[in-house]
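Report on the structure given below.
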Amino acid sequence: MSVTELTLEQTQQMMLYVSQKMQESKDLLSHADQVIGDGDHGIGMARGFESVEEKLSHSSYLNCGELFKSVGMTLLSTIGGAAGAVFGSLFMGMGKGLSDAQVINETNLSVALQAGLELIQKRGGAKVGDKTMIDALSPAVDAASDGKDLSMGEFLDKISLAAEEGKEKTKDMVSKIGKSKTQGERSLGFPDPGAISVTLIFKFMHEYVRSIQ
Amino acid sequence: MSVTELTLEQTQQMMLYVSQKMQESKDLLSHADQVIGDGDHGIGMARGFESVEEKLSHSSYLNCGELFKSVGMTLLSTIGGAAGAVFGSLFMGMGKGLSDAQVINETNLSVALQAGLELIQKRGGAKVGDKTMIDALSPAVDAASDGKDLSMGEFLDKISLAAEEGKEKTKDMVSKIGKSKTQGERSLGFPDPGAISVTLIFKFMHEYVRSIQ
Amino acid sequence: MPVIKKVINDPKQVAKESLEGLVLAYHGKVRILEDCSSIVRTDLPQGKVGLLVGGGSGHEPLFAGFVGENLADGSVNGNVFAAPSPDKILCATQAIDQGKGVLYLYGNYAGDNMNFDIAAELAADLDIETRTVRIWDDVASAPPERIEDRRGIAGDLFVIKVAGAAAASVSTLDDLFRITTKARDYTRSIGVALSPGSIPETGEYTFELGPDEIEIGMGLHGEQGVSRGKLIPADELVDSMIDRILEDMPLEQNDKVCVLINNLGASTMMELLIVNRRVMQRFSDDGIKVHDTLIGSFCTSQEMAGFSISLLKLDDELEKYYDTPADSFALKTR
Amino acid sequence: MPVIKKVINDPKQVAKESLEGLVLAYHGKVRILEDCSSIVRTDLPQGKVGLLVGGGSGHEPLFAGFVGENLADGSVNGNVFAAPSPDKILCATQAIDQGKGVLYLYGNYAGDNMNFDIAAELAADLDIETRTVRIWDDVASAPPERIEDRRGIAGDLFVIKVAGAAAASVSTLDDLFRITTKARDYTRSIGVALSPGSIPETGEYTFELGPDEIEIGMGLHGEQGVSRGKLIPADELVDSMIDRILEDMPLEQNDKVCVLINNLGASTMMELLIVNRRVMQRFSDDGIKVHDTLIGSFCTSQEMAGFSISLLKLDDELEKYYDTPADSFALKTR
Ligand SMILES: Nc1ncnc2c1ncn2[C@@H]1O[C@H](COP(=O)(O)OP(=O)(O)O)[C@@H](O)[C@H]1O
Ligand SMILES: Nc1ncnc2c1ncn2[C@@H]1O[C@H](COP(=O)(O)OP(=O)(O)O)[C@@H](O)[C@H]1O
Ligand SMILES: [Mg+2]
Ligand SMILES: [Mg+2]
Ligand SMILES: [Mg+2]
Ligand SMILES: [Mg+2]
């Protein structure tokens with residue numbers, strides 16, 4: 001049976017699952033950041049999602065907007081660094097986009113992702129091609145807006161794939177923003193750590209949805 | 001033909017030879033000092049004997065006393081550290097003992113070595129058994145005073161052997177003086193670097209004498 | 001790879017515990033703002049214009065070590081190599097503000113920029129005026145035409161010193177902004193690393209260097225420098241570094257500068273002094289006057305061996321502020 | 001073994017070039033005595049009792065960094081890890097003496113003792129009065145009944161600080177000797193190393209340590225410590241070090257001490273601050289008052305990672321001298 005929306009309760013469960021899996025991705029992300037950044041991306045993401053897990057385990061929300069805002073605020077105040085601002089903004093923007101929705105679905109998630117992307121770009125000014133998480137997020141946002149009438153599983157699969165492709169492309173980019181930018185050409189050949197995080201977040205969302213189908 | 005004394009000229013040549021060979025012993029001595037001291041003994045001895053070589057190449061002396069005093073003063077002012085005071089005193093004491101002698105031989109060398117030993121002990125207060133160069137020098141002084149009517153070659157061979165035996169015994173001693181003393185029991189099993197230097201100095205004197213026989 | 005040994009308790013608590021240790025070394029001159037990873041002067045003169053500095057931890061004594069008399073009023077300290085979050089910046093801002101507003105002064109990194117900007121918006125919501133000066137002294141990190149892309153390294157110290165003295169005497173935030181901006185614009189640095197640092201929580205070095213390699217244009221974090229080079233004799237290396245700075249900020253005879261030779265961590269004072277010897281020879285040859293020299297570990301990058309050279313060019317106004325006696329944990333001048 | 005990289009020119013010239021670099025950083029307050037490896041204050045007050053410090057190089061900023069106002073009048077600096085020779089000590093003595101004599105203050109090592117003693121005899125021949133205080137603060141290096149066998153480590157700084165202030169105000173060498181001896185007797189230290197240092201001329205580490213080993217009772221040179229131990233959490237390690245000092249110099253409630261946490265070289269300020277946190281917790285538990293805290297690289301041993309804790313117990317007289325503002329390259333206090 002294919003799901004076309006997630007309840008508030010399921011959405012909270014999904015974010016709990018994502019939080020756990022992102023903590024498990026700590027070393028992978030730090031190692032990616034060692035190559036072209038300052039080596040702490042996984043530490044920050046793990047710290048942030050540990051707090052999200054803690055927060056979500058003890059809270060209940062009125063709507064999905066509140067839920068995502070809470071995730072965003074928690075990431076913003078516990079990750080710090082570029083990732084804190086960027087991933088905090090992603091979920092805060094999504095929360096704003098979801099507003100008082102009681103469920104998430106293809107339609108409102110597509111709006112939410114767009115709002116998240118915009119907030120990040122307002123904060124950090126990165127464009128596609130600068131070798132940041134934007135390069136994974138932006139194609140995902142595009143993919144989210146053009147598909148129609150997909151199940152949640154199909155929808156998240158599509159987003160994940162788009163993000164994954166975008167992340168792969170960052171290997172061919174010279175970094176223009178963030179700690180890796182001083183390395184210039186030396187950043188070639190390696191994917192952007194934040195882009196990997198975006199890919200993983202969507203992948204884990206997808207995994208959760210598959211698990212309840 | 002066996003030599004029973006060295007002229008002033010030969011003595012100066014001998015000390016030049018000793019200076020060259022001691023510089024070549026730099027790493028050996030530093031490594032010995034790495035194990036139980038601060039690792040610089042060879043550096044200091046090489047620096048000192050480089051200056052002695054330089055000095056002796058450009059000086060002439062009225063007598064053997066002056067010659068040895070000059071060696072002692074040069075070592076004292078260029079080695080620094082414990083070795084500077086100790087080996088400087090050794091040669092200054094020998095110079096005092098030799099006084100205005102025009103040659104060195106078994107008799108006056110035996111007096112000179114005794115005088116050198118006394119000056120070192122006055123300065124540093126080390127006794128036999130403290131695991132210092134005294135443990136090589138003191139047996140050599142004893143050996144020097146009891147032998148009679150030996151050629152210079154035989155005499156220096158005997159002294160060298162006594163020093164060598166004394167140096168070997170320092171392996172079984174717990175250091176009581178100098179940088180190695182804080183190591184206590186951990187200094188067991190290793191020879192004292194300064195004792196190695198004493199042994200080498202006599203050995204190189206002996207080598208020189210053999211080369212002119 | 002060699003094992004990284006550190007005298008710590010819990011790797012996750014290093015930022016917190018070192019801040020506590022620093023406050024205890026100040027003997028009452030600063031206090032911790034609980035849950036805000038921030039410290040503030042206890043003897044904050046009433047009605048002064050505020051100066052808040054901050055950034056990631058792991059660079060000790062930067063930033064917290066420069067909070068004190070005629071220096072910063074407070075610092076907000078993130079986790080190791082991670083900019084502090086907006087809520088903590090806001091918390092420190094509120095503690096410092098005396099109605100005259102607060103200047104945010106920090107190194108120009110994407111993370112710091114975003115977090116301080118968000119905090120500034122939150123402060124505006126509370127009617128606290130803020131202005132921002134980002135330090136971008138590292139000449140290696142971008143060409144002059146993209147100076148705003150450069151990052152802040154040890155030159156931070158010069159800018160904080162001038163800004164701290166100015167903050168103690170000016171009466172408006174705009175004045176402080178103007179003077180601090182000038183100090184920033186008159187500061188240039190360049191760094192090299194001989195060995196990498198590590199992050200306590202990973203316990204791993206952040207990059208690798210060959211036995212005779214150095215990393216040129218090194219920053220203050222694990223991110224690598226701009227290029228690799230060979231380890232050359234000190235005088236040659238210093239010459240190339242000074243050349244690079246002077247290309248960017250030409251100096252003329254009789255110009256006055258302050259010199260900072262900053263230890264990135266594990267270099268020896270012996271090396272820094274040998275570096276200073278060459279720096280002084282160069283400037284004496286060129287007729288440039290060295291007004292003051294600071295040598296030591298001010299802005300570090302964990303156990304990284306390496307150093308940077310920073311210059312602050314003085315005009316009369318900057319000289320006056322630079323010469324104001326300062327007193328903090330990590331910088332005392334008379 | 002990893003390659004040791006250093007920013008130097010000629011390994012044989014490191015002591016000379018670093019001394020030159022240091023003098024250039026002082027901007028005229030000290031001068032070099034040519035051919036004597038010594039520096040002397042340029043503003044030596046007329047008729048003062050002299051204070052000469054010295055020892056091997058390689059411990060920068062010790063000793064030369066503590067020459068200045070209300071500190072030492074001069075320092076004589078040997079080669080790396082080698083006591084200076086008598087002729088150089090004599091040369092510095094003559095430059096410092098103002099007819100009131102000169103106190104020799106240095107760490108208690110066979111090499112220093114012999115060389116300074118010979119210099120004292122030479123000085124006596126020139127009718128210059130000298131007296132000697134040997135610093136033996138390292139509690140690990142010999143039991144209390146053989147205190148004269150202990151070596152001098154970072155506690156040097158406390159003794160020099162008190163002696164320098166005293167030398168600026170007393171009128172006889174005997175008074176200076178008495179006060180300095182008291183400062184020495186009230187000072188205790190203990191050190192640990194996490195990794196070895198090296199000597200520039202050999203380019204080799206002076207000993208080896210396993211990945212989880214520390215060297216306990218570490219000195220300031222390549223010579224190893226007293227025993228090996230395991231790397232334990234910071235708080236535990238600090239407790240054991242403090243215990244060891246207090247066994248030797250018991251403190252009672254309301255006793256006043258100054259604390260020095262000295263970086264042997266490559267430890268991070270972050271670690272030292274975490275160490276200080278625990279030191280302060282301990283003393284606050286015991287009701288012991290910490291009058292002042294110094295944390296930094298004062299007495300180093302090349303690139304050795306590790307640190308020492310030193311305590312100076314104060315009485316009214318020592319406190320007065322300790323609190324005298326001091327100004328030198330490496331120590332400025334207000
Ligand atoms: N201005 C920006 N806009 C979007 N993403 C950014 C920006 N700056 C940095 N990032 C992302 O942040 C990631 C680095 O995060 P992290 O390592 O946690 O922070 P820091 O760079 O402060 O150490 C980069 O890989 C990049 O994807
Ligand atoms: N008081 C002393 N009397 C005699 N020899 C001594 C004394 N102290 C040290 N030595 C000798 O000096 C040697 C060490 O010399 P060196 O390493 O050059 O000096 P330092 O100990 O100052 O580094 C020791 O091996 C020992 O033989
Ligand atoms: Mg990072
Ligand atoms: Mg030695
Ligand atoms: Mg970071
Ligand atoms: Mg030595």
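Owing to the predicted nature of the structure, the values given are computational and were not obtained by experimental measurement. Every chain is numbered from 1 and lettered A, B, ... according to where its sequence line falls, protein lines coming before strand lines.
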Donor-acceptor list for residues 58-66 of chain C side chains, cut-off 3.5 Å, not counting sequence neighbours:
residue: C:His59; atom: ND1; partner: C:Leu220; partner atom: O; Å: 3.2
residue: C:His59; atom: ND1; partner: C:Thr300; partner atom: O; Å: 2.9
residue: C:His59; atom: NE2; partner: C:His221; partner atom: NE2; Å: 3.4
residue: C:Glu60; atom: OE1; partner: C:Gly58; partner atom: N; Å: 3.2
residue: C:Glu60; atom: OE2; partner: C:Gly58; partner atom: N; Å: 2.9

Tell me, for [X] versus chain D, whether the close heavy atoms (under 4.5 Å) come from the side chain, the backbone, both or neither.
{"X": "C:Val275", "result": "side chain"}
{"X": "C:Thr268", "result": "side chain"}
{"X": "C:Phe329", "result": "side chain"}
{"X": "C:Val238", "result": "neither"}
{"X": "C:Leu231", "result": "side chain"}

Looking at C:Gly197, C:Pro233, C:Ala234, which one has more heavy-atom pairs under 4.5 Å with chain D than the rest?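 Counting heavy-atom pairs under 4.5 Å, the top option is C:Ala234.
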Out of C:Val259, C:Thr333, C:Asp292, which one racks up the most heavy-atom pairs below 4.5 Å with chain D?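 Option with the greatest count: C:Asp292.
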Flag side-chain contact, heavy atom, 4.5 Å: [X] against [Y]:
{"X": "C:Glu17", "Y": "D:Leu273", "result": "no"}
{"X": "D:Ser267", "Y": "C:Glu303", "result": "no"}
{"X": "D:Met269", "Y": "C:Phe298", "result": "no"}
{"X": "C:Leu194", "Y": "D:Val7", "result": "yes"}
{"X": "D:Arg277", "Y": "C:Ser18", "result": "no"}
{"X": "D:Thr293", "Y": "C:Leu24", "result": "no"}

Please report the interatomic distance CD(C:Gln302) to CE(D:Met270), rounded to the nearest 0.5 Å.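 Here the interatomic distance stands at 5.0 Å.
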Atom pair NZ (C:Lys332) and CG (D:Asp327), whose distance is rounded to the nearest 0.5 Å: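 Atom-to-atom, C:Lys332:NZ and D:Asp327:CG are 13.0 Å apart.
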Heavy-atom distance under 4.5 Å to chain C: side chain of [X], backbone, both or neither?
{"X": "D:Leu237", "result": "side chain"}
{"X": "D:Ala305", "result": "neither"}
{"X": "D:Val290", "result": "both"}
{"X": "D:Phe307", "result": "side chain"}
{"X": "D:Asp212", "result": "backbone"}

Is C:Arg278 paired with D:Glu20 through a side-chain N to carboxylate O contact shorter than 4.0 Å?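 Not counted as a salt bridge, because no side-chain N and carboxylate O are separated by less than 4.0 Å.
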Would you call D:Lys5-C:Glu271 a salt bridge at under 4.0 Å N-O?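 No, no charged N to carboxylate O under 4.0 Å.
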Examine distances only and state if a side-chain atom of C:Asp235 and a backbone atom of D:Asn9 form a donor-acceptor pair shorter than 3.5 Å.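 Judged by distance alone, no pair lies under 3.5 Å.
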Greatest number of heavy atom pairs closer than 4.5 Å to chain C - which of D:Glu69, D:Met304, D:Gln281, D:Gln13: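 The option with the most such pairs is D:Glu69.
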